[in-house]
There are 2 protein chains.
Amino acid sequence: MQPHITIKDVARKAKVGIATVSRVLNDAQKVDPATRQRVREVIRRLGYRPNATGRRLVKKSTEMVSFLLCNREFMNPFHTGVLYGVERYLSGTDHDVVFTNFRYDPNAAPESLVLPRILSHRGIADGFIVSGTNYPNLLAAMDSLDAAYVLFGNNFVDKQADAARAADQLPERRLDTVYYDDGEAERQMLERLIGMGHKHIWFAGDVEMPWFLRRARVYREMMHKHSIVPREISAPGADQRDYADYGEQATARILESGEPVTAIVGGNDGIAYGAWRALRRAGRSVPGDITVLGFDDVQEASWTDPPLTTVRVPTHDVGVACAQMLLEKLKQSGAPQPPIVLGAQLIERGSWGPPRTF
Amino acid sequence: MQPHITIKDVARKAKVGIATVSRVLNDAQKVDPATRQRVREVIRRLGYRPNATGRRLVKKSTEMVSFLLCNREFMNPFHTGVLYGVERYLSGTDHDVVFTNFRYDPNAAPESLVLPRILSHRGIADGFIVSGTNYPNLLAAMDSLDAAYVLFGNNFVDKQADAARAADQLPERRLDTVYYDDGEAERQMLERLIGMGHKHIWFAGDVEMPWFLRRARVYREMMHKHSIVPREISAPGADQRDYADYGEQATARILESGEPVTAIVGGNDGIAYGAWRALRRAGRSVPGDITVLGFDDVQEASWTDPPLTTVRVPTHDVGVACAQMLLEKLKQSGAPQPPIVLGAQLIERGSWGPPRTF
DNA sequence: CTGAAAGCGCTTACAG
DNA sequence: CTGAAAGCGCTTACAG
């Protein structure tokens with residue numbers, strides 16, 4: 001690092017005190033217009049850029065927010081979208097976002113977690129957006145560090161709380177949480193589907209995963225409401241990371257079973273894609289023979305032919321809301337915020353239609 | 001912010017000077033084992049975490065690297081992978097990565113660019129990984145700020161330099177650049193294709209985009225080598241952002257033309273997917289009637305049926321190399337590094353086969 | 001409206 | 001091996 005222009009250099013050249021330069025920089029207090037003009041000119045001439053570190057030390061703010069992506073092998077489109085939304089919101093503020101990936105053992109005691117620098121040191125970030133899949137032990141560790149954070153609630157796995165809670169509760173009720181609720185959009189989708197005359201509707205997805213379980217529950221609710229027997233199918237042999245493979249195997253099992261099926265609801269678009277592929281291979285047309293529906297509206301949802309009817313999840317908005325809530329929390333020095341719940345949207349495309357009449 | 005434990009508190013409790021606490025913290029110099037023990041114990045008891053801001057001010061390093069994604073509407077899988085690689089490498093160092101999205105006018109004068117905070121202020125990041133699509137004016141602006149940066153070279157658009165340079169040059173020869181070169185893998189793929197007996201091979205993609213142009217050039221070279229007439233097709237009417245749509249329209253134009261075609265090389269996987277969809281709709285089978293090939297190996301490349309033969313681009317490795325090069329550059333205070341070129345890999349899947357004999 | 005001074009939380013010569 | 005002191009680059013009472 002070379003020696004750089006500091007506020008002192010500007011003050012000397014402009015023949016003012018450094019306090020005045022600081023005032024000009026921050027448009028704080030009244031500064032004589034002529035002086036301001038002169039200081040501005042020197043700043044420009046010298047190419048002076050204020051050093052954030054000095055400001056941070058006295059302001060006791062890092063102007064930095066951490067996007068902590070937990071327990072992910074890679075960044076999926078959902079979390080990519082959330083990060084993008086976080087950045088977009090912050091770009092209009094005086095904060096930036098630092099991205100950290102972090103894996104931890106869900107069963108480790110909070111105090112034995114080996115935390116990343118951003119948590120084990122002070123002064124790297126003011127607060128945290130905790131995304132990915134998370135467990136209570138990390139939150140306990142963060143609480144004991146007195147860290148300010150906002151949790152992305154959909155993928156929070158708390159078996160104890162789940163068990164204690166009534167089974168039909170929404171995801172997470174704890175404070176400082178942002179999540180999306182696609183239940184309404186799912187109800188709408190299933191209502192429409194049933195309205196078309198479907199009676200043999202299957203749900204494909206691993207309900208061990210909370211994000212699939214929530215969707216399965218709404219599915220059960222809707223089937224019950226319309227006195228349709230719910231049929232859930234999994235694919236134990238499939239690679240749990242490859243949803244397309246999962247959907248394909250699950251669908252193959254439905255077809256092999258010989259049981260009636262007029263519609264398959266995939267737990268997400270990847271599973272729906274797999275279902276579509278399995279049907280195609282089996283010579284069944286979509287939606288002529290069987291309707292296929294998905295969730296998430298990933299960009300590739302339109303890659304099936306016909307494109308997938310699905311539920312669009314508000315990825316960017318989740319990011320924006322997380323960032324907004326966190327900044328609000330920091331401003332109010334930690335006061336709890338009410339949870340933010342974002343809705344989802346039914347995206348109607350070509351993969352559904354009335355059931356084939358036999 | 002509440003008042004927090006500082007190094008002074010630790011020093012007082014441990015009955016030592018703050019310098020000694022600092023030494024214990026950094027394992028610097030010799031410290032009496034007993035003293036060290038005592039200080040460690042106090043640190044633990046008080047839950048003291050060192051404040052990075054203090055350290056940064058004196059060390060004149062922000063311990064932060066900027067991932068500057070330029071001119072992107074959203075984060076595509078490639079850049080997501082690069083960011084992931086950057087983070088992975090940095091997690092083993094004392095740096096973190098801050099993510100910033102930035103749009104600018106390619107034609108604006110360098111000094112008139114409105115730069116994001118991370119560039120207009122000092123002390124937010126030590127150096128920059130410039131990714132996305134970039135133009136010379138930003139680099140000029142960064143040079144005049146004396147900013148340390150590494151450029152992702154593949155998407156750098158420099159029309160003047162391009163024109164001046166011999167047409168068959170590789171992407172970017174400038175220093176401090178990381179790029180991938182999938183030319184070898186493409187040659188291998190086309191060699192294999194031609195070896196199967198293909199004679200009517202089309203290339204689909206907009207060669208205005210440098211990433212497609214490079215692939216088109218290798219395509220031309222290979223066609224020339226084997227005395228095959230190169231056939232390039234574009235889709236002027238398509239949404240240039242929706243590659244699948246682009247590929248579909250381009251392929252439709254080939255089919256409408258009535259000209260012979262046994263293989264279609266998409267400029268990327270999205271285009272290849274579109275080609276596949278168009279062929280399917282036209283009742284042509286892949287690869288029975290026509291072979292389809294792509295580039296990039298995005299996760300959804302395996303969503304076509306049969307899955308796509310393509311060229312895998314080393315996204316994570318690009319990120320790792322960028323981070324590594326930048327840290328090296330910072331360590332050597334700006335000394336230029338030789339460019340890093342990463343290779344790509346042919347991924348053989350089911351979408352190709354010998355041409356149908358008429 | 002303005003400047004000298006204190007102080008944010010560290011590291012690092014320097015002198016013991 | 002250890003501590004007092006200087007100093008990194010700012011902001012902000014405080015006193016004019």
Side-chain angles (χ1 to χ4, degrees), chain A residues 1-40 42-43 46-64 94 117 120-126, chain B residues 1-40 42-43 46-64 94 117 120-126:
Chain A
M1 306 280 130
Q2 300 117 292
H4 283 132
I5 312 291
T6 74
I7 199 171
K8 282 186 194 167
D9 300 312
V10 176
R12 198 179 319 120
K13 284 273 182 201
K15 303 201 188 309
V16 296
I18 59 170
T20 299
V21 178
S22 178
R23 289 184 193 111
V24 170
L25 245 26
N26 301 293
D27 305 297
Q29 302 180 38
K30 302 259 149 284
V31 178
D32 179 79
T35 315
R36 174 188 304 276
Q37 190 53 42
R38 187 156 36 98
V39 171
R40 285 239 170 91
V42 171
I43 287 175
L46 263 45
Y48 167 69
R49 289 177 294 151
N51 184 325
T53 306
R55 178 176 60 223
R56 286 173 182 179
L57 194 54
V58 42
K59 294 268 218 172
K60 292 178 180 303
S61 156
T62 64
E63 307 170 346
M64 212 54 103
D94 56 357
R117 275 166 41 90
S120 64
H121 285 229
R122 224 178 258 292
I124 305 187
D126 291 338
Chain B
M1 303 278 131
Q2 300 117 293
H4 283 133
I5 313 289
T6 73
I7 198 171
K8 282 186 192 165
D9 301 311
V10 176
R12 197 179 320 118
K13 284 274 182 201
K15 303 198 188 311
V16 294
I18 58 169
T20 300
V21 178
S22 178
R23 289 183 193 112
V24 170
L25 245 25
N26 300 292
D27 306 295
Q29 301 180 40
K30 301 260 148 282
V31 178
D32 180 79
T35 313
R36 172 186 306 275
Q37 190 54 42
R38 186 155 37 96
V39 171
R40 284 241 169 90
V42 172
I43 287 174
L46 263 44
Y48 167 70
R49 289 177 296 150
N51 184 325
T53 306
R55 178 176 60 225
R56 288 172 180 178
L57 195 53
V58 40
K59 294 268 218 172
K60 291 176 179 304
S61 156
T62 64
E63 306 169 348
M64 213 54 103
D94 55 359
R117 276 167 40 90
S120 65
H121 285 228
R122 224 176 259 294
I124 305 187
D126 291 338

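Each chain gets a letter, A, B and so on, in the order the sequences are listed, and its residues count up from 1. Note: hydrogens, waters and symmetry copies are ignored here, and every other heavy atom, side chains too, is used.
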[X]: what forms a side-chain contact (heavy atoms from CB on, under 4.5 Å) with it, not counting sequence neighbours?
X: B/R38; answer: B/K15, B/V16, B/T35
X: A/I18; answer: A/I7, A/K8, A/A11
X: A/I124; answer: A/R117, A/I118, A/H121, B/A52, B/R56, B/M64, B/D96

Roughly how many Å apart are C/dT2 and C/dA6, using the P atom of each and rounding to a whole number?
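Between the two P atoms, the distance is 22 Å.
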C1' spacing across the pair D/dT12 / D/dG16, given as an integer number of angstrom:
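16 Å, rounded to whole Å.
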Gap between atoms [atom1] and [atom2], on [X] and [N] respectively (whole Å):
X: B/L57; N: D/dG7; atom1: CG; atom2: C1'; result: 9 Å
X: A/R12; N: C/dT2; atom1: CZ; atom2: C1'; result: 19 Å
X: B/H121; N: D/dG9; atom1: NE2; atom2: P; result: 16 Å
X: B/K15; N: D/dG3; atom1: NZ; atom2: P; result: 12 Å
X: A/E63; N: C/dC8; atom1: CD; atom2: C1'; result: 14 Å

Donor-acceptor contact below 3.5 Å, side chain A/T62 vs main chain A/D126:
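Present.
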Okay, side chain of A/N26, backbone of A/R23: is any donor-acceptor separation there less than 3.5 Å?
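Looks like no, no N/O pair under 3.5 Å.
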Contacts of type salt bridge (charged side-chain N to carboxylate O under 4.0 Å, His left out), residue B/R55, not counting sequence neighbours:
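Checked B/R55 against salt bridge (charged side-chain N to carboxylate O under 4.0 Å, His left out); matches are B/E63.
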Where B/T6 and B/Y48 come nearest, the two heavy atoms and their spacing:
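So the two residues come closest at C-CE1, 3.6 Å.
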Please name all residues satisfying side-chain hydrogen bond (donor to acceptor under 3.5 Å, both in side chains) with B/T20, sequence neighbours left out, ordered by chain then number.
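Partners of B/T20 under the side-chain hydrogen bond (donor to acceptor under 3.5 Å, both in side chains) test: none.
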Residues in side-chain hydrogen bond (donor to acceptor under 3.5 Å, both in side chains) contact with B/R40, at least two apart in sequence or another chain
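side-chain hydrogen bond (donor to acceptor under 3.5 Å, both in side chains) check on B/R40 returns B/D27.
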For nucleotides 10-16 of chain D, just jot down a letter per nucleotide in 5' to 3' order: B, S or -, based on protein non-hydrogen atoms under 4.0 Å.
BBBB---
Could you write out DNA chain D as dot-bracket? Rules: Watson-Crick or G-U wobble, both distances under 3.5 Å, brackets [ ] for crossings, | for pairs with another strand, dot for unpaired.
|||.||||||||.|||
Any side-chain N or O of A/T35 less than 4.0 Å from the OP1 or OP2 oxygen of C/dT2?
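Looking at the OP1 and OP2 atoms of C/dT2, one of them is under 4.0 Å from a side-chain N or O of A/T35.
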